[in-house]
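The first residue of the sequence shown is numbered 1, and numbering continues consecutively from there.
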Amino acid sequence: MIELLPEPPPEPPRVPGGRGLTVAVTAAVLVLVLVALINGYRNRDSAALLGPLELSQPVHPPPPGITTPPDGRGERLPVVACPQIRDEQSRLAYRCIDNALRQDESDTYLGLRISLNLEVEPGWVISEGSGNPESLASSPSNDVVGFRQGPRPLGPGAPSPAQVRDEVRRRTGLALERGYGDNPSSRTMTEHVRSFAGVQGYELVTEITINPAYRARRHLAARTERLWTVGLPTTAGVSIFMLSIPDNRSDLWSKADATVATVHVF
């Protein structure tokens with residue numbers, strides 16, 4: 001007697017191209033996973049390469065007329081032009097050493113509310129301007145300057161000659177620290193009490209030598225620069241006038257004293 005075996009179960013229905021479709025789906029999933037991994041590494045590497053914004057990267061301050069400090073003490077930056085400058089906030093007036101100088105944004109590195117520049121080579125300028133202690137930014141990375149809302153009367157609380165001298169020295173030190181690259185050297189050419197239109201002030205003239213390594217990195221022709229810093233007691237406190245001229249415009253050095261002599265309090 002022959003044993004009858006049970007019939008085998010029916011084969012599942014064939015799907016046309018089923019195997020090919022499975023392979024395609026698997027390949028697509030692998031591609032998606034690979035893309036996700038690549039993007040993950042790319043984002044991680046980009047963050048590592050870029051890092052936080054460095055001070056050496058360009059920071060663009062607001063243009064004249066729209067300065068708005070975050071603490072609400074600010075006011076619109078007035079537009080000034082050569083040949084005669086009148087800084088209402090610092091209560092100083094003076095002439096330009098060269099009428100080609102043009103107003104730039106406030107110089108938050110040196111604390112100058114009024115800043116006029118003339119490029120003498122790529123990345124280097126003649127600079128002239130004014131400000132007072134209230135013009136100083138809280139940080140060199142801060143591109144907004146805080147300004148005093150109104151004048152205060154000169155009287156018993158007016159800056160003393162010693163305070164004027166100390167502010168001149170401090171502001172010159174700040175310029176050396178921030179304005180001339182890495183490790184510049186300097187020497188004092190003259191430092192004395194000086195009268196400006198009947199108001200006793202203080203003048204410090206400094207010659208700065210730019211670090212050769214810094215010059216080489218920046219491809220600068222300028223080697224030295226002369227900086228005139230003047231301080232005067234005003235209703236705004238100790239107001240500062242600054243003038244800096246590199247040696248590739250040394251023809252203006254002989255005119256600097258006459259320009260500084262035009263500084264006066266109003």
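Between Y214 and L220, the closest side-chain pair of non-hydrogen atoms falls below 4.5 Å. Within the 4.5 Å cutoff, no side-chain heavy atoms of H264 are placed close to those of V199. Counting heavy atoms from C-beta on, the side chains of I126 and P246 come closer than 4.5 Å.
Formation of a donor-acceptor pair under 3.5 Å by the T229 side chain with backbone atoms of T172 is not found in this model. Between the side chain of E121 and the backbone N or O of A222, at least one donor-acceptor pair lies under 3.5 Å. Under a 3.5 Å cut-off, the side chain of D247 and the backbone N or O of T224 do form a donor-acceptor pair. At least one donor-acceptor pair under 3.5 Å links the side chain of S106 to the backbone N or O of R113. Judged by distance alone, with hydrogens and angles left aside, the side-chain atoms of R91 form no donor-acceptor pair with the main-chain N or O of V265 at under 3.5 Å. Formation of a donor-acceptor pair under 3.5 Å by the E128 side chain with backbone atoms of I97 is found in this model.
Residue-environment remark: CZ (R223) stays at or below the threshold of 12 foreign heavy atoms within 6.0 Å.
Under the ring-ring contact (aromatic ring centres under 6.0 Å, His included) criterion, no residue pair touches residues 159-195, with sequence neighbours excluded.
Checking L112, I114, T234 one by one against D87, the side chain to side chain contact (heavy atoms under 4.5 Å, CB included) holds for a single residue, I114. The only member of V263, L101, V80 that meets side chain to side chain contact (heavy atoms under 4.5 Å, CB included) when paired with I85 is V80. No option in R165, R169, R194 other than R194 meets the salt bridge (charged side-chain N to carboxylate O under 4.0 Å, His left out) test with E203.
The CG atom of N117 lies 11.5 Å from the CZ atom of R102; values are rounded to the nearest 0.5 Å. With values rounded to the nearest 0.5 angstrom, R171 atom CZ is found 7.0 Å from M242 atom CE. Interatomic distance, L92 CG to N132 CG, rounded to the nearest 0.5 Å: 8.5 Å. With rounding to the nearest 0.5 Å, the separation of CG in N183 from CG in N211 is 6.0 Å. For the atom pair CG (L232) and OG (S195), the distance works out to 9.0 Å, reported to the nearest 0.5 Å. Rounding to the nearest 0.5 Å gives a distance of 12.0 Å between CZ of R170 and CD of Q163.
Heavy atoms only, all atoms of each residue included: L243 and A256 are closest at CD2-CB, 4.0 Å. Smallest separation of non-hydrogen atoms from Y94 and S130: OH-OG, 2.7 Å. The two residues P159 and P233 have their closest heavy-atom pair at O-CB, 4.0 Å.
By the criterion of side-chain heavy atoms lying less than 4.5 angstrom apart, applied directly or through intervening Ile, Leu, Val, Met, Phe, Trp or Tyr residues, V120 is not grouped with V125; the two fall into different hydrophobic clusters. Cluster annotation: F266 and V238 are assigned to distinct hydrophobic clusters (Ile/Leu/Val/Met/Phe/Trp/Tyr, side-chain heavy-atom contacts under 4.5 Å, transitive).
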V230 vs V168, side-chain contact (heavy atoms from CB on, under 4.5 Å): CA-CA, chis, key distance, verdict: CA-CA 6 Å; V230 168; V168 167; over 6 Å; no

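For the ring-ring contact (aromatic ring centres under 6.0 Å, His included) test, no residue two or more places apart in sequence or in another chain qualifies with Y202.
The residues D251 and R249 are annotated as salt-bridged, a charged nitrogen and a carboxylate oxygen being separated by less than 4.0 angstrom.
Side-chain polar atoms of S186 and T206 form no donor-acceptor pair below 3.5 angstrom. For S244 and E225, the side-chain atoms include at least one donor-acceptor pair closer than 3.5 Å.
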